[in-house]
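Structure first, then comments.
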Amino acid sequence: ETITSSRKRDHLIICCENPVEAGDAGFGDVRLVHNALPECDMDAIDTRTRFLGATLSSPLFIAAMTGGHPDTLEVNRRLARVAERYNLGMGVGSQRAALENPELEGSFTVVREEAPHAFLCANLGIIQLRDHGIEWAERAVEMIDAQAIAIHINSLQEAIQPEGDHNAEGCLAALRTLCEEFPYPVIVKETGSGISAETARAIRGAGASAIDIGGYGGTSWAKIERLRASDPRLAELGEAFLSWGIPTVVSLREVRKVGGPIIATGGLRSGIDIAKAIALGADLGGMALPLLKPAMESEDALLAAVDAIQRELEVAMFLTGSRTMRDLSNVRTYITGLTREMIETSD
Ligand code: FNR
């Protein structure tokens, strides 16, 4: 068992048995403007969403989580079955472990087997992209016959995990080369610290097709690595960075200035949060932790969770008079509190 592989299993167990969220993504500071005369039929609401050439039935995106250890196969199977059944987009977790050791591919290939028609996103860290180049990106996409690849960035986690890579030089150049030469859309994704307007400009400038916010206020890698750290100095370092990052709502406002398709992930915890994210400029709303817990339990538990999220989204659309996702994207919002202060003091 490789270190990369066993780490994947550790992460799932830690996430299910401990509080691994930190901070506030800002959704509590956002209200959608209520429409008392919605003039639309709630049962005719259409949540279909276009994203990178695909038509998805809902903006709910199953964010990248797992794969790479035999114990993660069942979780990926359940997530994939639900993605197929509801026509949701889905990302797999980092495929590094399976690229290093092809015996571990099964926990990823199960996703395409169970979801033959779903929009699937391959996943690779930007450090692995820099070190192994386009060949690993190609293998990652082929492994699950993906429609796109997400290149994840996790500088905070690299800085505080014992096996982390501390040199981030050359990543932007590697990204530019990938975007120029790769035949699939490239999504650049943070994993809990968010993306600023300046970073978004650099990412779009490199040629990426979309940005996944991966904002602060949901799952916290500082918290996960602190729980995993056996070295007390690394645990302390994780502790010191518990409040580091750009909250998802603030990051969404920053990235929206730059343009291009956006997935909002990081601390979305209901269908109402997805509706808020769309009104703030996102195309899709991704969730990881809220789907992981039911997915670890059973397929039925996962289906129930997804049903509840979808129902909340539809009611929020009804109450804002939004028959389509386009209508929802034009709904006005009130933004208060710390989120408003951050937005107003950032320029
Ligand atoms: C993740 N996330 C993640 N992201 C990524 O790009 N590659 C990965 O391998 C993983 N692995 C992973 C494992 C687990 C157990 C969790 C909970 C999350 C990050 C994820 O896609 C998402 O961006 C963040 O978790 C924020 O969303 P939530 O969890 O707050 O909804």
Side-chain angles (χ1 to χ4, degrees), residues 4-5 7-27 60-69 71-72 75-76 79 89-99 104 107-108 111 121-129 140 146 148-158 161 186-195 210-225 227-228 245-249 251-252 262-271 273-274 277 282 284-296 305 309:
T4 313
S5 173
R7 196 166 70 220
K8 298 299 149 189
R9 189 202 44 210
D10 293 353
H11 286 156
L12 290 197
I13 296 168
I14 288 173
C15 285
C16 285
E17 293 179 350
N18 300 275
V20 293
E21 292 168 281
D24 184 354
F27 290 102
L60 167 60
F61 185 83
I62 302 174
M65 269 178 280
T66 200
H69 185 283
D71 293 356
T72 65
V75 172
N76 263 348
L79 291 169
M90 171 178 170
V92 298
S94 171
Q95 290 168 267
R96 175 185 177 179
L99 291 164
L104 298 168
S107 56
F108 291 104
V111 172
C121 219
N123 192 290
L124 191 62
I126 198 159
I127 302 285
Q128 282 71 53
L129 173 70
I149 188 164
I151 301 297
H152 72 256
I153 318 176
N154 56 357
S155 306
L156 172 58
Q157 191 188 4
E158 297 289 354
Q161 74 179 6
V186 175
I187 303 168
V188 175
K189 174 180 187 304
E190 240 291 348
T191 47
S193 305
I195 290 179
I211 290 177
D212 185 330
I213 301 276
Y216 172 75
T219 303
S220 161
W221 288 98
K223 224 160 178 176
I224 295 172
E225 293 301 340
L227 289 163
R228 220 165 60 88
I246 309 171
T248 301
V249 170
S251 178
L252 198 41
I262 300 174
I263 307 178
T265 60
L268 280 74
R269 293 297 175 261
S270 69
D273 288 348
I274 296 178
L284 302 180
M287 290 190 192
L289 197 65
L291 302 178
L292 177 63
K293 289 178 178 174
M296 297 275 279
I309 293 162

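Each ligand, and each atom within it, is numbered from 1 in the order the structure gives. Any value given below was found using the heavy atoms of this structure, including those in side chains, with hydrogens, waters and symmetry copies removed.
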How far does NZ of K223 sit from SG of C15, to the nearest 0.5 angstrom? 11.5 Å
For L12, take its heavy atoms, then give the atoms of ligand 1 lying under 4.0 Å from any of them. 15 (C)
Checking the N or O distance criterion of under 3.5 Å, is ligand 1 in contact with L268? no
Main-chain N/O of A140 paired to Q95 side chain as donor or acceptor, under 3.5 Å: yes
The option among L292, I224, N154, N123 carrying the non-hydrogen atom nearest to atom 5 (C) of ligand 1 is N123
Distance filter under 4.0 Å to T191 heavy atoms, resulting ligand 1 atoms: 4 (N), 5 (C), 6 (O)
Short list, please: which atoms of ligand 1 are under 4.0 Å from a heavy atom of R269? 28 (P), 29 (O), 30 (O), 31 (O)
Residue-level breakdown please: for D212 versus ligand 1, do any non-hydrogen atoms fall below 4.0 Å on the side chain, on the backbone, on both, or on neither? neither
Part of C15 with heavy atoms under 4.0 Å of ligand 1, whether side chain, backbone, both or neither: side chain
Ligand 1 and G214, any nitrogen or oxygen pair closer than 3.5 angstrom? no
Quiz question: by atom type and distance under 3.5 Å, do the side chains of S107 and N76 form a donor-acceptor pair? no
Check each heavy atom of E21 against ligand 1 and say whether those closer than 4.0 Å belong to the side chain, the backbone, both or neither. neither
So which protein heavy atom does atom 10 (C) of ligand 1 come closest to, and at what separation? A64 O, 3.6 Å
Should you measure from each heavy atom of T265, which atoms of ligand 1 turn up under 4.0 Å away? 23 (O)
Got a sec, which residues hit ring pair (Phe, Tyr, Trp, His ring centres under 6.0 Å) with H152, two or more places apart in sequence or on another chain? none
Once rounded to the nearest 0.5 Å, what's the spacing between atom OG1 of T219 and atom CG of L292? 8.5 Å
Between T248 (side chain only) and G266 (backbone N and O only), is there a donor and an acceptor less than 3.5 Å apart? yes
Can you name the atoms of ligand 1, numbered from 1 with element, that are less than 4.0 Å from a heavy atom of M287? 31 (O)
Contact (N/O only, under 3.5 Å) between G218 and ligand 1: no
Please work out whether any backbone atom (N, CA, C, O) or any side-chain heavy atom from C-beta onward of P290 is under 4.0 Å from ligand 1, and answer side chain, backbone, both or neither. side chain
How far does CD1 of I211 sit from CD1 of I195, to the nearest 0.5 angstrom? 5.5 Å
Going by the rule side chain to side chain contact (heavy atoms under 4.5 Å, CB included), which residues pair with E21 if we only count those two or more places apart in sequence or in a different chain? R269, L289
Any donor-acceptor pair under 3.5 Å linking the side chain of N18 with the backbone of V20? no
Can an N or O of S94 be found at a distance shorter than 3.5 Å from an N or O of ligand 1? yes
At a non-hydrogen distance cut-off of under 4.0 Å, which region of Y216 contacts ligand 1 (side chain, backbone, both, or neither)? neither
Heavy atoms of N123 and K189 approach each other most closely as ND2-CD, 4.3 Å
Mark up the atoms of ligand 1 that fall under 4.0 Å of a heavy atom belonging to G266, in ascending order. 26 (C), 27 (O), 30 (O)
K8 vs M65 side-chain heavy atoms within contact, under 4.5 Å: no
